[in-house]
Amino acid sequence: QKTDYLSGDIEKHVFNNGLTVLLKRNTYFPLVSIQLALKGGLREETEENNGISKITSMLWLKGTKSKTSQEISTLTEELGMSLNSFSGKNSMGLSMNCLSEDVLTAVNILEDVVKNPVFPDSEITQAKSLMAADLKERDDNVGRYTGKIMRELLFQTHPYRLDEGGSPESLARINREHIADFYKKYVQPSNLVLSIMGDFDSAQILDILKKKFESMPDHKVTFENFS
């Protein structure tokens, strides 16, 4: 007899503060995948702050008010979790994978890194150094440099003309205050989609998510409109 491991349709819940939650049970393996995504990224940058999405993403997991970067890494590694941040042309976010038995711990970690990132100055310096080195490498690579010139020709006024890694001038300008302000502007509940798929109790997870995230204050995010 064939077992239906995919239990039901995707559940969509919109909290009172605008946070969208998507839940999908799949009990085939005792694993859970969590993704938090938001609209933002390169398309919300200017020449002055170019690269801020990438550097914000790089620093997102470098410590919270209660845990250092090393403590976060140790906790996730001891439980066999993966925890990563990402940024692109249209979005930013976090991704996690864990065993089903550790999903509540994963949600606790997620809550901490979403609500309490600190963006340490020492990590900002290191991230900017890595990004500057990558820009030099790009300019020495014929394919990447050609792509840069092509984007500038195709998207003369649109932010897509910019490099996700910023420019030497913009990286020199970006500081901790800029990063914190950028994060605060776009990491708003009504601009977030939290999706969880895997082997978990939907009712239990939904109740926990409401307790942890529905009280987050929301401020409307204003986006640039580009054709």
Side-chain angles (χ1 to χ4, degrees), residues 2-13 15 19-38 40-41 53-88 91-120 122-124 126-127 130-131 134 164 179 183 186-187 189 192-216:
K2 185 177 179 181
T3 303
D4 183 10
Y5 294 102
L6 294 172
S7 178
D9 298 325
I10 296 174
E11 298 179 28
K12 179 180 179 180
H13 305 271
F15 291 176
L19 173 65
T20 298
V21 174
L22 305 175
L23 303 177
K24 175 65 176 179
R25 288 198 70 208
N26 181 342
T27 59
Y28 193 83
F29 292 110
L31 302 172
V32 176
S33 176
I34 301 173
Q35 282 238 350
L36 180 76
L38 61 101
S53 299
K54 183 173 182 178
I55 196 170
T56 301
S57 172
M58 292 172 68
L59 295 167
W60 199 341
L61 303 176
K62 296 299 183 181
T64 67
K65 294 177 181 178
S66 63
K67 291 182 179 64
T68 65
S69 173
Q70 184 59 51
E71 288 172 335
I72 294 172
S73 296
T74 299
L75 177 58
T76 55
E77 289 172 7
E78 285 179 346
L79 296 175
M81 292 182 185
S82 67
L83 172 60
N84 298 289
S85 57
F86 63 87
S87 67
S91 64
M92 296 173 55
L94 299 170
S95 63
M96 300 183 74
N97 292 284
C98 67
L99 293 172
S100 300
E101 64 190 56
D102 298 320
V103 66
L104 299 185
T105 300
V107 171
N108 286 336
I109 295 172
L110 180 68
E111 178 189 25
D112 191 26
V113 297
V114 169
K115 293 181 177 180
N116 306 306
V118 292
F119 309 117
S122 59
E123 297 286 357
I124 294 174
Q126 183 177 0
L130 290 172
M131 292 173 67
D134 185 65
E164 290 178 40
I179 295 167
Y183 181 88
Y186 292 100
V187 182
L192 298 176
V193 177
L194 175 59
S195 63
I196 304 181
M197 179 176 180
D199 184 14
F200 59 89
D201 184 311
S202 297
Q204 180 190 38
I205 286 295
L206 181 60
D207 183 59
I208 291 171
L209 293 177
K210 283 185 175 180
K211 290 177 180 177
K212 292 184 176 298
F213 293 103
E214 195 167 33
S215 62
M216 284 180 64

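For the numbers below, each heavy atom of this structure counts, side chains included, while hydrogens, waters and symmetry mates do not.
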- Item | Atom of Val118, atom of Lys65 and distance for their closest heavy-atom approach | CG1-N, 3.6 Å

- Query: Out of curiosity, Leu23 CG to Ile205 CD1, how far, rounded to the nearest 0.5 Å?
  - Reply: 8.0 Å

- Which pair of heavy atoms, one from Ser95 and one from Gln35, lies closest together, and at what distance? CB-NE2, 3.6 Å

- Query: If you take all heavy atoms of Glu71 and Ser66, which pair is closest and at what distance?
  - Reply: OE1-O, 3.9 Å

- Task: Any chance you could lay out the side chain to side chain contact (heavy atoms under 4.5 Å, CB included) test for Arg25 and Asp199, step after step, and finish with the verdict?
- Result: CA-CA 6 Å; Arg25 288 198 70 208; Asp199 184 14; 3.9 Å; yes

- How about Met81 and Leu79: do any of their side-chain heavy atoms sit closer than 4.5 Å? yes

- Message: Restricting to salt bridge (charged side-chain N to carboxylate O under 4.0 Å, His left out), what partner residues turn up for Lys12, sequence neighbours left out?
- Response: none

- Flag side-chain contact, heavy atom, 4.5 Å: Leu206 against Phe15: yes

- Message: Could you report the tightest heavy-atom contact between Ser91 and Phe86, atom names first, then the distance?
- Response: OG-CE1, 4.1 Å

- Message: Donor-acceptor check, side chain of Ser57 to backbone of Ser53, threshold 3.5 angstrom: yes or no?
- Response: no

- Message: Do Lys212 and Leu110 have side chains that approach each other closer than 4.5 Å (heavy atoms only, starting at C-beta)?
- Response: no

- Message: Contact between Met216 and Leu19 at the side-chain level, heavy atoms closer than 4.5 Å - yes or no?
- Response: no

- Considering all heavy atoms, the nearest Tyr183-Val114 contact: OH-O, 2.6 Å

- Could you walk me through whether Leu104 and Gln204 pass the side chain to side chain contact (heavy atoms under 4.5 Å, CB included) check? CA-CA 10 Å; Leu104 299 185; Gln204 180 190 38; 4.2 Å; yes

- Task: May I ask you to say whether Lys115 pairs ionically with Glu111, meaning some side-chain N is under 4.0 Å from a carboxylate O?
- Result: yes

- Would you give the length of the straight line joining atom OG of Ser87 to atom CE of Met58, rounded to the nearest 0.5 angstrom? 9.0 Å

- Between CE on residue Met96 and OG on residue Ser33, distance to nearest 0.5 Å: 10.0 Å

- Item | Spatial distance of atom CD1 (Ile34) from atom CE (Met197) [nearest 0.5 Å] | 13.0 Å

- Query: Testing Glu77, Gln70, Glu78 for side-chain hydrogen bond (donor to acceptor under 3.5 Å, both in side chains) with Thr74, which one passes?
  - Reply: Gln70

- Task: With rounding to the nearest 0.5 Å, note down the distance linking CZ in Phe119 to OG1 in Thr64.
- Result: 11.0 Å

- Query: At their closest point, which heavy atom of Glu164 faces which heavy atom of Lys54, and how far apart are they?
  - Reply: O-CB, 3.5 Å

- Return yes if some donor-acceptor pair links the side-chain N/O of Ser100 with the main-chain N/O of Leu31 below 3.5 Å, else return no. yes

- Item | Inter-residue atom distance Thr105.OG1 - Asn108.CG, 0.5 Å rounding | 6.0 Å

- Member of Leu61, Val113, Leu36, Leu59 meeting the side chain to side chain contact (heavy atoms under 4.5 Å, CB included) criterion with Ser85: Leu61

- Check: Leu209 and His13 side chains under 4.5 Å, non-hydrogen atoms: no

- Side-chain contact test, heavy atoms from C-beta onward, threshold under 4.5 Å: evaluate it for Lys62 versus Gln126 and give yes or no. no

